[in-house]
Amino acid sequence: MGRHAAESGATRRRFVAPRREAVDAARFAHPLFDALAPFTRLLADAEWPSIEMLNAVLPLQVKRLVEQDATLLADGWHYEQRIAETGQIATRACNWHDLFNALVWARYPDIKRALNTRQCVHIQQMGPHARNRAQAALTQFDESGVIVRVRDARLLAAWDAHDWQALFVQGTGDWASGDIGVAAVIGHALLEQALLPTRLLVGKCLVVQGEDDAACIAAVARALGEGAVLQDPLELRPLPLAGIPGWHPAQDAGLYEQTAYFRPLRAGRGYPPPL
């Protein structure tokens, strides 16, 4: 899944990651990177971590990163099937996108295994060169996915209507109290794009009703493993992450007037209830 373009902003322009030396280490203090705090050194050091180092320090369990080169690609495996059948995660050296993919594997292994399993089911059905809507949904979540936890499903009314002022401005107290919050950032492309501090990012969300982040993440992993979610990309709720209180430096009226980013609800668009 780590080989597909992500739609994580107000436009679909090709994203070019900054060079490592151009990334301010303070950037990793942003809430988007909170779950990767144990790996900050791998992100912030001046030198790229080698694939050997990543294998030595990351808790990848039965998986292993292998450098993606011509020899590896000659084995004939599809990217996802190679992971499932051999445990090898093809990884490009000195590459932000693949480094974040490795860190998400280390941080949320149950989610990543479930995504891989479901992709392989569909590859077996469709063949390696065709893709169905379920595969597109799985890929979007893998690249740009966010798990959002809500305590009271009634909080979703504003989100359902794309009433961004109600969700983010009038709803500031709900975010502060934890009645709604980001339980996990899964999308490694989203993390890569967050390296640019001015970029307006959009998460593709699965929503879980619950009190505990870890329990909500586990619920998503189970639902993915059972094939109970992500049969279609339309199941994913878009969330303009710059609207979350404290997630963007300029949360003024001008920000929320950017309708290319805070998009109105399309006619006929609806979202599934939370897990």
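Just the heavy atoms: all of them, side chains too, but no hydrogens, waters or symmetry mates, feed the values below. If you're wondering where the values come from, they're calculated on a predicted model, not measured in any experiment.
For the pair Val146 and Phe141, the minimum side-chain heavy-atom distance is 4.5 Å or more. Between Arg269 and Leu234, the closest side-chain pair of non-hydrogen atoms falls below 4.5 Å. Taking 4.5 Å as the limit, every side-chain heavy atom of Lys63 sits out of range of all side-chain heavy atoms of Lys112. Within the 4.5 Å cutoff, the side chain of Ile186 has heavy atoms near those of the Ile147 side chain.
Without hydrogens or angle criteria, Arg107 side chain to Val185 main chain gives no donor-acceptor distance under 3.5 Å. A donor-acceptor distance shorter than 3.5 angstrom exists from the side chain of Arg20 to the backbone of Asp45, with no hydrogens or angles considered. Here the side chain of Trp175 pairs no donor or acceptor atom with the backbone of Ile244 at under 3.5 angstrom. At distances below 3.5 Å, not a single donor-acceptor pair connects side-chain atoms of Glu192 with backbone N or O atoms of Trp96. With hydrogens and angles ignored, the 3.5 Å screen pairs a side-chain donor or acceptor of Thr91 with a backbone N or O of Ile89. Tyr108 contributes no side-chain N or O that, together with a main-chain N or O of Ala221, makes up a donor-acceptor pair within less than 3.5 Å.
A salt bridge does not link Asp110 with Arg222: every distance from a Lys NZ or Arg NE/NH1/NH2 to an Asp or Glu carboxylate oxygen is 4.0 Å or more.
Applying the ring pair (Phe, Tyr, Trp, His ring centres under 6.0 Å) rule to pairs touching residues 239-260 yields His30-Trp247, Tyr256-Phe262, sequence neighbours excluded.
To the nearest 0.5 angstrom, Arg64 atom CZ is 9.0 Å from Gln88 atom CD. For the atom pair Leu206 CG and Leu224 CG, the distance stands at 6.5 Å (nearest 0.5 Å).
The aromatic rings of Tyr271 and His162 lie parallel to each other, with less than 30° between the two planes, well short of the 60° mark.
Here the closest non-hydrogen pair linking Arg118 and Leu138 is CB-CD1, 3.7 Å. Residues Cys216 and Gly210 approach most closely at SG-CA, 4.0 Å, considering heavy atoms. Between Gly203 and Leu241, the closest heavy-atom pair is N-CG, 3.8 Å. Contact between Pro238 and Trp164 at its shortest, heavy atoms only, is O-CH2, 3.8 Å. Here the closest non-hydrogen pair linking His188 and Val104 is CB-CG2, 4.4 Å.
By the side chain to side chain donor-acceptor pair (under 3.5 Å) test, Asp160 is found to be paired with Arg237, residues two or more places apart in sequence or in another chain being considered.
Residues His122 and Gln135 bring no donor and acceptor atom of their side chains to less than 3.5 Å of each other. Side-chain N/O atoms of Thr139 and Arg131 include a donor and acceptor closer than 3.5 Å. Judged purely by distance below 3.5 Å, without hydrogens or angles, the side chains of Gln68 and Arg92 never pair a donor atom with an acceptor atom.
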*Take Val208 and Val150, measure what side chain to side chain contact (heavy atoms under 4.5 Å, CB included) needs, and give me the verdict at the end.*
CA-CA 6 Å; Val208 187; Val150 296; over 6 Å; no

*Verify side chain to side chain contact (heavy atoms under 4.5 Å, CB included) between Val182 and Leu32, making sure each step is shown before the conclusion.*
CA-CA 9 Å; Val182 171; Leu32 194 76; over 6 Å; no

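Exactly one of Asp174, Asp213, Asp212 qualifies for a salt bridge (charged side-chain N to carboxylate O under 4.0 Å, His left out) with Arg149. That residue is Asp213.
Environment of CD in Glu47: sparse, with no more than 12 heavy atoms of neighbouring residues, nucleotides or ligands closer than 6.0 Å.
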